[in-house]
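Only one structure is covered here, and it is reproduced in the block below.
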Amino acid sequence: MRAPRTSEILEALVGFDTTSRNSNLPLVEWVEAYLDRFGVTHERITDASSSKANVWATIGPAGVPGTILSGHTDVVPVDGQSWSSDPFRLTARNGRLYGRGAADMKGFDACCLAAVPDMLAAPLVRPIHLALSYDEEVGCVGVRSMIARLEHAQVKPTACFVGEPTEMGVVIGHKGQRAFRVRVHGKSCHSSLAPQGVNAVEYAARLIVKIREIGDRVAR
Ligand SMILES: [Zn+2]
């Protein structure tokens, strides 16, 4: 069997409109069929609605700590953007490949999948795990269920490579983010007794300004 070229795999992956609002299952099925061709075992970890799924596949020996290659399968929308070619059809122009997700990050997914035959042929002492997730673009939602499973795994992987585009630079850290949901309660009163009341909107506004100040300070 001829080893598939990365660009051929990328062409297939880009062809699925996996904008985060859509199901990624057609892509998942394609990946599973691809892995089946090589006899690679894989597992599907679906979301609550069963319309999206992560794929977890292992190549190499079981029961020893391995290395994860992690990529997401969803892409950001193309609505209202001016594309000179169909964003969901991989197009080659001037030695480059264009398509939604061609770089971020179906490109990495395709590279990993194209390397599967080489991984199988290699005398792996430690396994390689492929972790393809859904809903990364809307807050890394999909990968959480894969991480949760690893917490309880008998053997935990030792490293994870996330193939986000960094112009080939090695990035060992990433800005974090914290989100809080805040409810501000006021106290109503008659306008003639305004000082005895509490205007929730006013205090919420102060809070927002304060958070912005912290943000500016951290940015500096
Ligand atoms: Zn990405």
Side-chain angles (χ1 to χ4, degrees), residues 1-16 18 24-46 52-75 90 92 95-97 99 101-136 140 142-174:
M1 182 169 39
R2 185 179 69 89
R5 290 162 56 103
T6 306
S7 58
E8 290 168 350
I9 298 172
L10 183 57
E11 185 177 13
L13 299 183
V14 167
F16 295 104
T18 51
N24 74 337
L25 292 186
L27 181 148
V28 163
E29 280 159 20
W30 189 94
V31 169
E32 288 172 338
Y34 175 86
L35 294 171
D36 286 339
R37 276 171 58 193
F38 298 101
V40 173
T41 53
H42 50 80
E43 225 174 311
R44 210 190 255 215
I45 303 153
T46 46
K52 293 177 182 179
N54 300 308
V55 181
W56 174 265
T58 299
I59 299 151
V64 258
T67 300
I68 303 174
L69 299 175
S70 171
H72 60 85
T73 59
D74 58 319
V75 294
L90 192 70
R96 291 169 183 255
L97 296 171
D104 184 5
M105 73 187 276
K106 290 175 174 175
F108 178 75
D109 299 341
C111 289
C112 292
L113 292 170
V116 163
D118 288 338
M119 294 175 192
L120 288 166
L124 295 179
V125 185
R126 295 174 179 281
I128 297 170
H129 306 287
L130 302 181
L132 301 179
S133 66
Y134 64 88
D135 279 359
E136 189 268 353
C140 298
V143 77
R144 293 176 197 174
S145 54
M146 272 198 287
I147 293 170
R149 284 164 51 104
L150 285 176
E151 264 178 73
H152 305 292
Q154 295 275 338
V155 181
K156 292 184 176 57
T158 47
C160 178
F161 293 88
V162 181
E164 283 288 343
T166 57
E167 298 186 329
M168 303 307 282
V170 176
V171 176
I172 59 166
H174 196 287

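These values consider heavy atoms only, across backbone and side chains, with no hydrogens, waters or symmetry-generated copies.
- Between the side chain of Asp135 and the main chain of Gly142, no donor-acceptor pair closer than 3.5 Å is present.
- Applying the salt bridge (Lys or Arg N to Asp or Glu O under 4.0 Å) test to residues at least two apart or on different chains, the pairs with a partner in residues 149-173 are Glu43-Arg149.
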Please list, one pair per line, the donor and acceptor atoms closer than 3.5 Å that link side chains of residues 105-128 to other protein atoms, with sequence neighbours excluded.
from, atom 1, to, atom 2, distance (Å)
Lys106, NZ, Leu13, O, 2.9
Lys106, NZ, Phe16, O, 2.9
Lys106, NZ, Thr18, OG1, 2.8
Arg126, NH1, Pro65, O, 3.3

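- Between Ala53 and Thr46 the shortest heavy-atom distance is CB-CG2, 3.8 Å.
- The side-chain contact (heavy atoms from CB on, under 4.5 Å) test with His129 is passed by exactly one of Ile59, Ile68, Thr67, Leu69: Ile68.
- Taking all atoms of both residues into account, the shortest heavy-atom contact from Leu150 to Pro157 is CD2-CD, 3.8 Å.
- By the 4.5 Å heavy-atom criterion applied to side chains, Leu97 and Glu11 are not counted as neighbours.
- Here the options are Ile147, Asn54, Thr73, the test is side-chain contact (heavy atoms from CB on, under 4.5 Å), and the partner is Ser133; only Asn54 passes.
- Between Val170 and Thr166, the closest side-chain pair of non-hydrogen atoms is not below 4.5 Å.
- Remark: Ser145 OG to Trp56 CH2 distance equals 11.5 Å, nearest 0.5 Å.
- The two residues Ala57 and Val40 make their nearest non-hydrogen contact at CB-CG1, 4.1 Å.
- Minimum interatomic distance between Pro165 and Asp104 (heavy atoms only, all atoms of both residues): CG-CB, 3.7 Å.
- A distance of 8.0 Å separates CG in Leu132 from OG in Ser70, rounded to the nearest 0.5 Å.
- Within the 4.5 Å cutoff, no side-chain heavy atoms of Tyr134 are placed close to those of Ile45.
- Under the 3.5 Å distance criterion, the side-chain polar atoms of Thr158 are matched with a main-chain donor or acceptor of Gly66.
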